[in-house]
Amino acid sequence: MPTTTEPESKKLKMDDYPMSPDTEWPDAWLMPDQVEDQCAPNRLEPNVPVSAEQMRDLGICYWKMEDVDNYDYPIKAIPWDPKDAKDPKLQALRDARGYSYADIITVHPDHLPDFDLKIKAFFEEHIHDAEEIRYIVGGSGYFDVRNKEDKWVRVHVKKGDLMTLPEGIYHRFTCDEDHMIHAMRLFIGQPVWTPFNRPQEDHPSRKKYAELFLANEEKKEDGDTN
């Protein structure tokens with residue numbers, strides 16, 4: 001019986017630079033479908049934590065950048081040349097994964113015009129047609145991603161966290177209650193930040209994500225019903 005294997009390109013991207021151990025991954029938990037305050041933690045009662053293994057199973061990658069405090073980054077730089085990185089770990093990660101573009105933004109009422117409107121827009125559920133890479137160089141915030149049961153997982157990213165979301169995953173972003181996050185956005189090739197709001201089941205990137213990360217789950221469910 002034929003077995004399915006991961007595409008070689010995906011294996012290389014996941015393995016070419018070792019991810020951080022589970023104990024260093026950010027806190028994550030299931031959250032309700034509807035919330036009154038997007039910036040609040042919004043945990044279920046009782047809390048349902050989500051493990052690093054479960055996040056990896058959704059295609060998320062994570063690295064802890066321990067020396068973030070040793071380097072200064074501008075409040076805003078569009079673009080910011082990743083070749084200017086002084087942190088050896090950031091240099092190594094940049095080279096291993098082919099990041100050729102970066103910019104730096106600060107999401108805060110003092111630094112982002114129309115702050116309230118912008119964070120509402122960030123909170124719209126969407127996909128991208130490329131991997132999303134964020135290095136948090138200051139502050140904190142939440143990335144929400146859909147799990148394999150289409151439930152929301154809230155991931156609390158903080159200073160020193162570098163996380164990637166795979167192409168085609170449904171997600172959204174918001175500040176936390178501190179209303180400040182200073183982040184580097186990295187990209188392979190020319191940057192394209194276009195969000196494609198849900199539903200996008202026929203989008204090639206969504207189909208790619210479903211094939212890579214959801215197909216085995218669907219086969220398992222089919223087997224359980226037979």
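If you're wondering where the values come from, they're calculated on a predicted model, not measured in any experiment.
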* To do: May I ask you to decide if the ring planes of Phe187 and Trp193 are parallel, tilted or perpendicular, using 30° and 60° as cut-offs?
  =>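 Ring orientation, 0 to 90° scale: perpendicular.
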
Going by an N to O cut-off under 4.0 Å, is there a salt bridge joining [X] and [Y]?
X      : Y      : value
Lys158 : Asp176 : no
Arg198 : Glu124 : no
Asp161 : Lys64  : yes

* **Test item: side-chain donor near acceptor, His126 and His171, under 3.5 Å** =>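 Note: His126 and His171 side chains meet the donor-acceptor criterion.
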
* Please check if any side-chain donor atom of His128 sits under 3.5 Å from a side-chain acceptor atom of Glu167, or the reverse. =>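 Short answer, no.
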
* Aromatic centroids of Tyr135 and Trp63 separated by under 6.0 Å ->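 Not close enough - the centres of the two rings lie 6.0 Å or further apart.
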
* Flag the pair Leu165 / Phe143 as yes when at least one side-chain heavy-atom distance between them is below 4.5 Å, and no otherwise. =>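 Yes, at least one pair of side-chain atoms sits under 4.5 Å.
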
* Count the heavy atoms of every other residue, nucleotide or ligand shown that sit under 6.0 Å from NZ of Lys76, and state whether that count exceeds 12. =>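 Incorrect, the count does not exceed 12.
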
Within 45° of the axis and under 6.0 Å from the centre of the six-membered ring of [Y], does NZ or CZ of [X] qualify?
X      : Y      : value
Arg43  : Trp29  : yes
Arg154 : Tyr142 : yes
Arg172 : Phe123 : yes

